[in-house]
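Both counts, for ligands and for their atoms, begin at 1 and track the order of listing.
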Amino acid sequence: MTGVYFNSINSDFRKLKKFIEKMEIPSHCIFCEGVDLTIKEPKHHPSYEITTACNLNCIFCYSNVALKNKTAPKPGYYGDLSPKAITISQYGEPLLVGCEKVAYIIKKLKERFGDVSGDVRIDLQTNGVFLDMDKLDGLVDIVMISLDGFGKNYSKLTGVDAFDKVINALRDVAKADCIGVVRSIHMPGINDEDLVKIAKMCDEIGINEFFLQPLSVYEENAEKLLKAGLNISKTENLAEFIKVVAKIQEKVCVNVKIPGCILSNLKDLMRKYDFEDLMLLKRNSLATSPPKIRREWRFVIE
Ligand code: SF4
């Protein structure tokens, strides 16, 4: 009996190891220092921050925490002056200022960096509620829409009843000339079932990537998350996260991805250590405050 038990554990580990080995980094992580293991203190690739405000009130939000702790960025461009990719934006909801204004900012960024960087990639990070692809098609290369809950659960997790709007936005993204990505935070005990539904919906709509991220629990959000059912020990367990990702991938065609920096480090560790030992690794999911952006602030577009 014990032999059968261990054989099945070994075969699960082998499957998981193969899954990780075959996994490729998300489109958004290409060009990010995070995937270059030769860089000691990698920085996220450049971003243009538009606003720290948001129309949603997600229970895990780091922007809100940064605002309270005064570590949130002021508007403007952060990063080196020969970017290959620019994220719009890491904080807040950029489309709060309107899609026309965001389109204007993107055009100005492309003009400014066109000579040095050529065709700089523009990655729009949004919750999708105000997305109007007619105004942005042809200007954005990757559109990443955050979606962490399905149906009614979406409203519980964000505080706003806008699930249908987000689904419509995803349908528009799938038809547009860009890579469409759904970005979700895995909150064990809260949205496990939702993630499977979201992945299936990505298939149905024709979304290119489903980008899953592990949760960071900020002190300010801990009570809300625990009340919603968060399983904190699973949140700290890296193997648990990878297993969830692998299980979802088994059920869908959309490419399920994890952060490139996590994947690159994991692959590197897999070359050095036993996979079984690595799967015992715990990540520190408790965070006190989102750190200030470490890239230099350069300019703002009026
Ligand atoms: S997830 Fe990691 S590798 Fe990807 S863009 Fe963010 S910091 Fe870079």
Side-chain angles (χ1 to χ4, degrees), residues 20-50 52 58 60-63 65-66 71-73 77-80 82-94 109 113 117 120-127 140-148 178-187 195 207-218 235 238 241-242 244-245 248-249 254-270 281 283-285 287 289-296:
I20 299 168
E21 281 167 352
K22 273 172 63 186
M23 209 180 212
E24 287 172 8
I25 62 167
S27 308
H28 170 59
C29 301
I30 296 171
F31 302 136
C32 181
E33 288 186 2
V35 296
D36 183 347
L37 300 179
T38 62
I39 299 175
K40 275 214 172 122
E41 288 189 37
K43 297 188 216 70
H44 186 280
H45 46 56
S47 71
Y48 190 91
E49 300 302 322
I50 293 184
T52 46
C58 299
F60 54 83
C61 180
Y62 67 86
S63 266
V65 178
T71 54
Y77 177 83
Y78 291 78
D80 69 72
S82 52
K84 290 200 170 78
I86 303 172
T87 300
I88 298 180
S89 329
Q90 283 192 281
Y91 286 76
E93 171 47 45
L109 287 169
F113 293 122
S117 301
V120 58
R121 195 186 77 216
I122 302 290
D123 300 357
L124 175 66
Q125 222 161 251
T126 169
N127 59 41
V140 285
D141 300 282
I142 301 178
V143 178
M144 294 177 283
I145 297 193
S146 302
L147 184 59
D148 305 284
C178 64
I179 295 173
V181 180
V182 168
R183 228 168 123 242
S184 303
I185 309 271
H186 175 224
M187 293 173 269
L195 296 182
I207 291 297
N208 306 90
E209 291 179 14
F210 182 31
F211 184 5
L212 273 173
Q213 290 176 267
L215 173 73
S216 290
V217 183
Y218 294 98
T235 309
L238 187 65
F241 174 63
I242 305 290
V244 167
V245 177
I248 294 174
Q249 185 67 90
V254 63
N255 279 315
V256 186
K257 308 264 181 156
I258 63 172
C261 40
I262 296 184
L263 182 63
S264 304
N265 279 291
L266 201 52
K267 284 188 177 180
D268 184 51
L269 291 171
M270 278 162 60
L281 271 184
R283 50 180 284 276
N284 183 9
S285 60
S289 180
K292 279 191 173 169
I293 292 183
R294 287 188 291 125
R295 302 177 309 275
E296 196 177 331

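- Because the distance cut-off is set at 2.8 Å, Cys32 qualifies as a neighbour of atom 8 (Fe) of ligand 1 through one of its N, O or S atoms.
- The protein heavy atom nearest to atom 2 (Fe) of ligand 1 is Cys261 SG, 2.3 Å.
- Residue contact check: Cys29 has heavy atoms under 4.0 Å from atoms 1 (S), 3 (S), 4 (Fe), 5 (S) of ligand 1.
- Relative orientation of the His28 and His45 rings is perpendicular, given thresholds of 30° and 60° on the angle between their planes.
- Heavy-atom proximity to His28, at under 4.0 Å, picks out these atoms of ligand 1: 5 (S).
- Exactly one of Tyr78, Tyr62, Tyr48 qualifies for a ring pair (Phe, Tyr, Trp, His ring centres under 6.0 Å) with Tyr91. That residue is Tyr62.
- The line from CD1 of Ile258 to CG of Leu238 is 7.5 Å long, rounded to the nearest 0.5 Å.
- Scanning all protein heavy atoms for the shortest distance to atom 1 (S) of ligand 1 gives Pro259 CB, 3.6 Å.
- The NZ atom of Lys292 sits 7.5 Å away from the OG1 atom of Thr71 when rounded to the nearest 0.5 Å.
- Short contacts between ligand 1 and His44, defined as distances under 4.0 Å to a heavy atom of the residue, involve ligand atoms 5 (S), 6 (Fe), 7 (S).
- Here the side chain of Arg183 pairs no donor or acceptor atom with the backbone of Thr126 at under 3.5 angstrom.
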